[in-house]
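Note that this is a predicted model, so its numbers are computed, not measured. A, B, ... follow the sequence lines: proteins, then strands. Residue 1 opens every chain.
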Amino acid sequence: MTEEDQNEKPLDFIRTKVKEDQESGKNESRVHTRFPPEPNGYLHLGHAKSICLNFGIAKEFGGLCNLRLDDTNPVAEKTEYAEAIKEDVKWLGFDWEDRFFHASDYFGQLFDWAIKLIRDGKAFVCDLSFEEMRELRGNLTEPGKESPFRERSVEENLELFEKMKAGEFPEGSKTLRAKIDMSSPNINLRDPVIYRILHQEHPKTGDEWKIYPSYDFAHGQSDSIEGITHSLCTLEFEHHRPLYDWFCENLGIHHPQQIEFARLNMTYVVMSKRKMLRLVEKGYVDGWDDPRMATLQGMRRRGFTPESIREFAERVGLAKRENMIEVELLEHCLRTDLNKRAPRRLGVLRPLKVVIENYPEGKSEGLEAVNNPENPDEGTRQVSFSREIFIDRNDFMEDPPKKYFRLAPGSEVRLKYAYYVTCREVIKDEDGEVCELVCSYDPESRGGDSPDGRKVRGTIQWVDAATAVQAEVRLYDRLFSNPTPEQAEDGSDFTDHLNPDSLIKIKDALVEQAASLLSPGEPFQLERIGYFCADPDSTTEKRVILNRSVALRDSWAKTSK
RNA sequence: AGCCUGGUGGUGUAAUGGUAGCACAGGAGUUUUUGGUACUCUUAGUUGGGGUUCGAGUCCCUGCCGGGCUGCCA
């Protein structure tokens with residue numbers, strides 16, 4: 001993209017603000033962002049939007065972006081998740097260089113800042129139980145009441161807080177609270193808890209700490225320590241911004257600006273960690289990396305490319321209003337990317353035997369097939385052809401409707417890259433099912449063109465019976481049959497809307513050899529069917545298992561309905 | 001109920017007082033050895049009501065609707 005294009009391209013509200021700040025010299029014109037996931041689950045498409053935003057802005061404005069794990073709650077967090085997060089961000093194509101941090105790196109500094117707040121009379125140790133605190137907090141319409149421990153002396157607070165740190169009190173018995181305003185209409189400002197007692201091993205700091213800072217007391221300060229200039233987060237943190245600001249101001253430290261944007265929602269999926277966890281735990285899917293999941297690991301296994309996801313993240317836009325992106329946009333991004341890069345191969349999902357009666361028995365020949373019509377540089381390959389081949393059952397109809405261009409009794413079609421064939425005879429088994437076709441071929445049409453200029457409307461794919469490789473093909477479709485499974489109008493649960501056909505396994509598909517040799521994740525197209533890649537199970541189970549990433553657009557399916 | 005926040009075609013997103021545009025989806029067609037791709041054309045929109053103004057999606061008032069908030073989660 002040229003500089004001019006970039007100037008012409010309208011900026012979203014966040015980039016507009018970043019640009020203003022940079023041009024006005026704020027933060028010495030530095031731009032520094034961060035992606036701060038909590039390591040309590042796997043990253044999903046919604047995170048991808050945030051990753052692309054944060055790393056993208058840093059790149060566009062000549063700045064930096066950190067990766068920081070927000071590990072302030074050891075109860076839910078695991079190293080397993082932390083590793084997956086790093087892997088996923090890297091796979092998506094972003095580089096945090098040497099700036100990989102943890103909120104727990106700052107526990108010491110955070111503790112010192114808590115001390116400062118106590119000394120300044122802005123924080124106090126509170127003995128209220130969970131329930132008592134809730135009662136005194138008030139509600140949406142009524143102001144809260146001050147804690148009876150609010151006016152403890154600085155000395156007593158200091159002593160108690162040190163004892164909390166030393167592990168002298170049981171979990172839940174005391175908290176450290178900021179002294180702000182119990183009557184604030186923003187409930188987050190009603191003396192929020194900033195430290196709680198948790199006798200819990202932390203994946204990073206072990207048993208060093210018995211108290212842990214809350215999100216509000218850790219996040220903004222972590223941003224501040226790292227010199228973040230723009231702290232981008234989702235809308236639900238909007239009510240927390242006054243708190244974010246309050247801590248930076250009252251601590252007298254570098255004050256990054258928090259800006260909120262609307263999170264990503266998409267049709268036919270669920271995007272919350274909690275709901276995804278349920279899908280995994282209840283066995284509705286095969287795991288976090290199930291190709292039907294909107295997790296980055298699932299999407300990668302399914303055959304999504306980092307490029308397609310980045311393109312998607314850019315195209316969904318950025319604003320503050322709630323949104324529901326149609327999954328079709330994601331599919332479009334994948335197809336566009338794969339169309340230009342995926343090599344073409346031949347395969348049939350539901351094989352139907354075809355014997356070419358006038359083709360010499362025992363003969364076999366190699367035919368030249370184009371690897372990628374979008375890119376001639378990828379050249380051609382040889383595919384073998386002989387008297388017995390298989391075509392897809394979908395490509396034959398005994399009693400075809402109008403405008404059906406494929407094979408039917410007496411009709412002629414082109415076998416892609418091979419010959420024109422005409423269906424002469426239909427053989428059925430005892431159940432009356434078509435089980436074999438007898439065709440004749442035109443030897444003059446080798447390569448797929450007839451010297452007499454005769455045109456044929458239909459072109460179908462095929463595989464050579466002698467050399468085709470058997471494959472299990474997994475056809476994935478949307479996980480839910482309802483576009484908005486979470487917004488059940490009838491009070492139903494999202495799991496009531498699971499699509500029973502979201503996974504169809506075809507055990508006995510046949511593909512040409514070249515389609516059976518690719519490693520997991522390498523995309524290819526089975527012509528006229530869709531984009532595929534080998535599943536990791538291929539390696540462990542030592543057989544060919546293919547995932548359909550996305551089907552090709554099928555305008556015939558549409559018109560024939 | 002109070003506070004905060006947001007409302008532009010089916011979906012998403014532009015237009016910062018001056019021709020409502022782009023993308024996806026939908027429809028029609030051209031090309032085609034993938035009923036793919038590409039290309040062309042096309043349907044469809046400013047939440048209601050008032051006001052300011054030569055002129056309002058944009059500013060003001062008011063109604064309506066959506067989202068968020070009463071964790072020692074993030």
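- Residue R406(A) is in base contact, counting any heavy-atom pair closer than 4.0 Å across all strands shown.
- Relative to the side chain of D12(A), the nucleotides A14(B), C24(B), U34(B) differ in distance, and A14(B) lies closest.
- The side chain of E326(A) lies closest to U11(B), out of G35(B), U11(B), U34(B).
- The closest side-chain heavy-atom distance from L189(A) to L243(A) is below 4.5 Å.
- Aromatic ring pairs are classed by plane angle as parallel below 30°, tilted from 30° to 60° and perpendicular above 60°; the pair F35(A) and H47(A) is perpendicular.
- Remark: the T267(A) side chain and the E326(A) side chain contain no N/O donor-acceptor pair separated by less than 3.5 Å.
- Put simply, R241(A) has no side-chain N or O that comes within less than 4.0 Å of OP1 or OP2 on U5(B).
- Side chain of R137(A), nearest nucleotide from A25(B), U70(B), C73(B): U70(B).
- Nucleic acid contact for T72(A): sugar-phosphate only, since backbone atoms but no base atoms lie under 4.0 Å from a heavy atom of the residue.
- Contacts of P192(A) with the nucleic acid, taken as non-hydrogen atoms under 4.0 Å apart, are absent.
- For the ring-ring contact (aromatic ring centres under 6.0 Å, His included) criterion with F217(A), the lone passing option out of Y195(A), F111(A), Y106(A), W113(A) is Y195(A).
- Nucleotides U58(B) and A1(B) are separated by 27 Å at their P atoms, to the nearest Å.
- Between I460(A) and R528(A), the closest side-chain pair of non-hydrogen atoms falls below 4.5 Å.
- Comparing C59(B) with U8(B), their P atoms are spaced 14 Å from each other, to the whole Å.
- Straight-line distance between the C1' atoms of U32(B) and G10(B): roughly 31 Å, to the nearest whole Å.
- A donor and an acceptor atom, one from each side chain of D216(A) and S214(A), are nowhere located under 3.5 Å apart.
- Because its glycosidic torsion is within 90° of 0, G71(B) is reported here as syn.
- In this structure, the side chains of E77(A) and N73(A) come closer than 4.5 Å at one or more pairs of heavy atoms.
- Within 4.0 Å (heavy atoms only), Y195(A) reaches no atom of the nucleic acid at all.
- For R134(A), whose side chain is taken as the heavy atoms from C-beta onward, the closest listed nucleotide among C72(B), G71(B), A23(B) is G71(B).
- Rounded to whole angstrom, the span from the CZ atom of R335(A) across to the C1' atom of U34(B) amounts to 14 Å.
- Inspection of the N186(A) and S184(A) side chains reveals no N or O donor paired with an N or O acceptor under 3.5 Å.
- Taken residue by residue, residues 171-179 of chain A places heavy atoms nearer than 4.0 Å to RNA chain B at G172(A), T175(A).
- Evaluation of F405(A) against the base of G35(B) yields a stacking contact (centre distance < 5.5 Å, interplanar angle < 30°).
- Side-chain atoms of N40(A) and K78(A) form no donor-acceptor pair, as typed in the model, at a separation below 3.5 Å.
- OP1 or OP2 of A74(B) has not a single side-chain nitrogen or oxygen of S214(A) nearer than 4.0 Å.
- Within the nucleic acid shown, D449(A) comes within 4.0 Å of at least one base atom, counting heavy atoms only.
- Put simply, CE on M324(A) is 11 Å from P on U11(B), counting in whole angstrom units.
- When heavy atoms are screened at a 4.0 angstrom cut-off, L128(A) is found touching base atoms of the nucleic acid.
- Residues E527(A) and Q525(A) bring no donor and acceptor atom of their side chains to less than 3.5 Å of each other.
- E374(A) and N372(A) are not linked by any side-chain donor-acceptor pair at a separation below 3.5 angstrom, with hydrogens and angles left out of the test.
- If you take CD of Q258(A) and C1' of C4(B), they are 14 Å apart, rounded to a whole angstrom.
- Side-chain polar atoms of Y42(A) and E80(A) form a donor-acceptor pair below 3.5 angstrom.
- The CG atom of D191(A) sits 16 Å away from the P atom of U70(B) (whole-angstrom rounding).
- For T141(A), counting side-chain heavy atoms from C-beta on, the closest listed nucleotide (U37(B), A1(B), C73(B)) is A1(B).
- At distances below 3.5 Å, not a single donor-acceptor pair connects side-chain atoms of S173(A) with backbone N or O atoms of F169(A).
- Comparing atom distances between the R196(A) side chain and each of U34(B), A74(B), G35(B) picks out A74(B) as nearest.
- Nucleotides U62(B) and U5(B), compared at atom P, are 15 Å apart to the nearest Å.
- Comparing U52(B) with U13(B), their C1' atoms are spaced 29 Å from each other, to the whole Å.
- Residue contacts shown for R553(A) are limited to sugar-phosphate atoms, with no base heavy atom under 4.0 Å away.
- A donor-acceptor contact closer than 3.5 angstrom is absent between the side chains of S308(A) and E311(A).
- Rounded to a whole angstrom, the distance from the C1' atom of A15(B) to that of A20(B) is 7 Å.
- Rounded to whole Å, the separation between the P atoms of U40(B) and A23(B) comes to 10 Å.
- Checked by atom type, the side-chain pair R341(A)/N375(A) shows no donor-acceptor distance below 3.5 Å.
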Protein-nucleotides 64-69 of chain B N/O pairs closer than 3.5 Å?
from, atom 1, to, atom 2, distance (Å)
G67(B), O2', E322(A), OE2, 2.8
G68(B), O2', H239(A), NE2, 3.2
G68(B), N3, H239(A), NE2, 3.2

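- Contact annotation for Y404(A): base contact, defined as any heavy-atom pair under 4.0 Å involving a base atom.
- Remark: RNA chain B forms stems of 3 or more consecutive Watson-Crick or G-U wobble pairs, all pair distances under 3.5 Å, at B:2-7 with B:64-69, B:10-13 with B:21-24, B:26-30 with B:38-42, B:47-51 with B:59-63.
- A stacking contact between Y215(A) and A74(B) is absent: the pair does not combine a ring-centre distance of less than 5.5 Å to the base's six-membered ring with planes differing by less than 30°.
- Under 4.0 angstrom from either OP1 or OP2 of A74(B) there lies no side-chain N or O belonging to R274(A).
- At the heavy-atom level, Y417(A) lies under 4.0 Å from base atoms of the strands shown.
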